[in-house]
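Right, one structure below, let's go through it.
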2 protein chains.
Amino acid sequence: MARTIIENPTHCALTHAMNSIGSKWKPLIIYLLGIKSDGLPLRFGRINAILHYISKRVLVEQLKELETDGLIIRKRYKEIPPRVEYSLSEKGRALLPILENICEWSENHMGHVTFE
Amino acid sequence: MARTIIENPTHCALTHAMNSIGSKWKPLIIYLLGIKSDGLPLRFGRINAILHYISKRVLVEQLKELETDGLIIRKRYKEIPPRVEYSLSEKGRALLPILENICEWSENHMGHVTFE
DNA sequence: CTGCATCCACGCCGATACTG
DNA sequence: CAGTATCGGCGTGGATGCAG
C-alpha cells in the first residue's frame, strides 16, 4: 500500500475512489442494489421509491455517474412503457464488504453523537 | 448486519457514517493523520502545507467537524505564537483499515477509467 | 501561527413541466 | 415509466483581511 500520494490529488487512489463513491447518495444506492435487494436488478421507479428522499433529478444523475464509473449496469428493455433495470457490476459488488465495514464502524462508535 | 434502514436516513447507519466521513476532504485528512504521519500529531500549518489544494478556510472547517464528530483530537498549547496539534482518536484510527481497503479497491479496479 | 469574519461567485439541488 | 429541460434559491467554498 501507501501508494496513495496524498499531496497530489491526480495520483491519489483515495481521491479517485472518493470521486466515484464519495457523494452523499452513491453509497446508499450501491448498498441498496447490492444488499437490500440481494443483488437482483431494480427498476428506476423502485429505487426512486425506496430512496424517496433523493430527488428524481439527482437520482438520475447519480445513476448515470455510477454507470459511467463502471459501478452499476444499466439495462434498457425496448418496451412501452419503457423499463430500465439497474444492477451492480463486479466493481460495484467489490465495494459491498467495505460498505458493511463502514456500517459496523458507525454502529460501534456512536456513543456521544446525538442525532437531532 | 442489515440493521441499516435505508428508507429512513435518520436511522441509517450508512447515512450517519457518510455524514461524518463522506465529504470530499475528510478521508484524506484522516489518512494523513493516521498513515502518512505514522499517527504522530501534526500541526495545522503542516496539514495545510501537505493538503495544499484545500483552502485554509475549508480545512479549518473540516478539522472542526472531525473533532466534533470525535474522529480527531485537537490539542492546543498555550504558547505564543500558538501551536495546535491534531491527531486521530480511537474512533478515527478504527477507520484506517477501511480507508486502506478503499485504496486497494480503487487500485484494483481502475482499468477503463481515464483521468483527464 | 492559528483561526475567524466578511464578501461574493459559482454550482448544486429541488420543484416543476414536458417528451418518447 | 424513465428520463430531459429549465429556472431559481441557497449553500459551499475561495480570497482576503483581521484578531489573539
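Chain identifiers are assigned alphabetically (A, B, ...) following the order of the sequence lines, protein sequences preceding nucleic acid strands; residue numbering begins at 1 within each chain. Because the structure is predicted, anything quoted here is derived from the model rather than measured.
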Side chain of [X] only, please: which of [options] is the nearest?
{"X": "B:Pro81", "options": "D:dG3, C:dG3, C:dC1", "result": "C:dC1"}
{"X": "A:Val58", "options": "D:dG3, C:dG14, C:dG3", "result": "C:dG14"}
{"X": "A:Pro82", "options": "D:dG13, D:dC1, D:dG3", "result": "D:dC1"}
{"X": "A:Glu61", "options": "C:dG3, D:dG3, C:dC13", "result": "C:dC13"}
{"X": "B:Lys64", "options": "C:dC4, D:dG3, C:dA5", "result": "C:dC4"}
{"X": "A:Arg57", "options": "C:dT6, C:dT2, C:dC13", "result": "C:dC13"}

Nearest-0.5 Å distance, CZ of residue B:Arg74 to OG of residue B:Ser87: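 It comes to 12.0 Å.
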
Nearest-0.5 Å distance, CG of residue B:Leu88 to CG of residue B:Leu66: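 B:Leu88 atom CG to B:Leu66 atom CG measures 9.0 Å (nearest 0.5 Å).
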
Just checking [X]: base, sugar-phosphate only, or nothing, at a heavy-atom cut-off of under 4.0 Å?
{"X": "B:Glu79", "answer": "nothing"}
{"X": "A:Arg43", "answer": "sugar-phosphate"}
{"X": "B:Lys24", "answer": "nothing"}

Over 12 foreign heavy atoms within 6.0 Å of [atom1], [X]:
{"X": "A:Ile80", "atom1": "CD1", "answer": "no"}
{"X": "A:Glu90", "atom1": "CD", "answer": "no"}
{"X": "A:Arg46", "atom1": "CZ", "answer": "no"}

Starting from [atom2] on [N], measure out to [atom1] on [X] and report it in whole angstrom.
{"X": "A:Gln62", "N": "C:dG14", "atom1": "CD", "atom2": "P", "answer": "10 Å"}
{"X": "B:Ile80", "N": "D:dA19", "atom1": "CD1", "atom2": "C1'", "answer": "12 Å"}
{"X": "B:Arg83", "N": "C:dC1", "atom1": "CZ", "atom2": "C1'", "answer": "11 Å"}
{"X": "B:Lys78", "N": "C:dC1", "atom1": "NZ", "atom2": "C1'", "answer": "15 Å"}
{"X": "A:Glu65", "N": "C:dG11", "atom1": "CD", "atom2": "C1'", "answer": "13 Å"}
{"X": "A:Tyr86", "N": "D:dC1", "atom1": "OH", "atom2": "P", "answer": "15 Å"}

Nucleic acid contacts - residues 46-54 of chain B versus DNA chain C, non-hydrogen atoms under 4.0 Å: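 Residues of residues 46-54 of chain B that come under 4.0 Å of DNA chain C do not exist, since none gets that close.
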
side-chain hydrogen bond (donor to acceptor under 3.5 Å, both in side chains), paired with A:Tyr77, selected from A:Arg83, A:Arg43, A:Glu85: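 Answer after filtering A:Arg83, A:Arg43, A:Glu85: A:Glu85.
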
Under 4.0 angstrom between B:Arg74 side-chain N/O and C:dG3 OP1 or OP2: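 Looking at the OP1 and OP2 atoms of C:dG3, one of them is under 4.0 Å from a side-chain N or O of B:Arg74.
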
Most 5' of A:Arg76 and A:Lys56 on DNA chain C, judged by nearest nucleotide: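 With A:Arg76 and A:Lys56 compared, the 5'-side residue is A:Lys56.
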
Residue that, paired with A:Leu71, satisfies side-chain contact (heavy atoms from CB on, under 4.5 Å) out of A:Ile21, A:Leu63, A:Ile29: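 Exactly one option meets the side-chain contact (heavy atoms from CB on, under 4.5 Å) with A:Leu71, and it is A:Ile21.
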
